[in-house]
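Chain letters run A, B, ... following the sequence lines, proteins first, then strands; residues in each count from 1. Bear in mind that the values here come from a model prediction, so they are computed numbers and not experimental data.
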Amino acid sequence: MSARKRYWLMKTEPDTFSIDDLAKVKTEPWTGVRNYQARNHMKEMQVGDGVLFYHSSCEVPGIAGVATVANTAYPDPTQFDKNSDYFDAKSAREQPRWEMVDVSFDRKLKRVIPLEEIKAHADELGPFALTQRGNRLSVLPVSAAQWKFLLSLE
DNA sequence: GCCAACGTTGGC
DNA sequence: GCCAACGTTGGC
């Protein structure tokens, strides 16, 4: 018995890694998350979970595509790599601090669903981590109803 | 580039 | 354990 499919939203800066990049590489290890809450969400992920691929810090921030969780969480190798920007001297190999999943390309949306538009539907969406005041989480949960509604905006 | 929000660090 | 200082995120 597998757990019921769940849904998530993952942020990325398109200048660094966009939905088009994911389409090219097909599957990408989601390295570099250094926030405990975001990490905890990744540890909860199951293979096949749905991911809204969100572009942040760009001209039109918003949902740009759909992806799928490709495997359960495993230690992020960049935390042990001294040459990596994500190196964490305080993380021990015997007890890695940071974990991550791989994310597989599903599809690019016909248009980006802008954050501005998402905010305008606050009533339909209900409580949503993406639009909560001051939110900066890069990996956050989405309910089945929110998933369905957001994709209906496409 | 600005700045609000928020997480982390480190002195005490 | 408190909290000021600092760094980062991310919209605008």
Side-chain angles (χ1 to χ4, degrees), chain A residues 6-25 27-45 49-69 73-143 145-147 149-154:
Chain A
R6 293 211 273 170
Y7 302 95
W8 311 92
L9 181 147
M10 297 172 89
K11 292 180 186 172
T12 171
E13 297 187 19
D15 290 347
T16 307
F17 189 81
S18 71
I19 189 70
D20 293 325
D21 294 321
L22 186 63
K24 272 180 221 147
V25 300
T27 298
E28 177 73 4
W30 212 257
T31 55
V33 171
R34 295 292 179 269
N35 170 283
Y36 289 105
Q37 240 184 307
R39 179 208 64 184
N40 291 344
H41 288 316
M42 287 199 288
K43 286 171 83 167
E44 286 180 43
M45 290 180 183
D49 279 1
V51 175
L52 295 174
F53 193 98
Y54 180 92
H55 284 174
S56 68
S57 297
C58 56
E59 200 170 338
V60 183
I63 298 165
V66 177
T68 305
V69 174
Y74 61 98
D76 179 344
T78 62
Q79 71 195 301
F80 305 122
D81 178 3
K82 281 183 179 160
N83 297 318
S84 169
D85 288 344
Y86 304 125
F87 177 67
D88 183 351
K90 292 177 182 171
S91 183
R93 281 186 183 277
E94 316 80 65
Q95 205 175 355
R97 178 179 291 193
W98 304 111
E99 298 193 33
M100 60 173 203
V101 296
D102 293 354
V103 165
S104 293
F105 179 74
D106 186 349
R107 66 191 181 91
K108 180 179 178 176
L109 298 193
K110 292 192 275 289
R111 66 176 187 110
V112 171
I113 299 169
L115 176 63
E116 190 182 18
E117 193 173 325
I118 295 167
K119 282 179 174 170
H121 289 289
D123 289 348
E124 293 98 316
L125 286 164
F128 189 22
L130 181 70
T131 48
Q132 269 161 25
R133 187 166 162 273
N135 173 66
R136 298 183 317 169
L137 257 192
S138 63
V139 179
L140 52 97
V142 176
S143 73
Q146 288 166 340
W147 172 275
F149 181 80
L150 288 165
L151 291 178
S152 79
L153 297 174
E154 182 185 7

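In this structure, CG of A:Asn135 is placed 8 Å from P of C:dG10, rounded to the nearest angstrom. Between A:Leu130 atom CG and B:dA5 atom P the separation is 17 Å, expressed in whole Å. Residue A:Lys119 contributes atom NZ, which lies 10 Å from atom C1' of C:dG10 at whole-angstrom precision. Distance NZ (A:Lys11) to C1' (B:dA5): 12 Å, rounded to an integer number of Å. Atom-to-atom, CG of A:Asn40 to P of B:dG7 comes out at 13 Å; the value is rounded to the nearest Å. A straight line from CG of A:Leu140 to P of B:dA5 spans 19 Å, rounded to a whole angstrom. Nucleotide C:dT9 holds its P atom 15 Å from the CD atom of A:Gln37, rounded to whole Å.
Comparing C:dG10, C:dT8, B:dG10 against the side chain of A:Arg136 picks out C:dT8 as the nearest. Taking every side-chain heavy atom of A:Leu115 into account, C:dG11 is the closest of C:dG11, B:dC6, B:dT9. Of the candidates C:dC12, B:dT8, B:dG10, the closest approach to any side-chain atom of A:Tyr36 belongs to B:dT8.
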(request) Begin with the C-alpha distance, continue with both residues' side-chain angles, and end with the deciding distance and a verdict on side chain to side chain donor-acceptor pair (under 3.5 Å) for A:Arg136 and A:Ser56. (result) CA-CA 10 Å; A:Arg136 298 183 317 169; A:Ser56 68; over 6 Å; no

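Using the six-membered ring where Trp is involved, A:Phe53 and A:Phe17 have ring planes that are tilted, between 30° and 60° apart.
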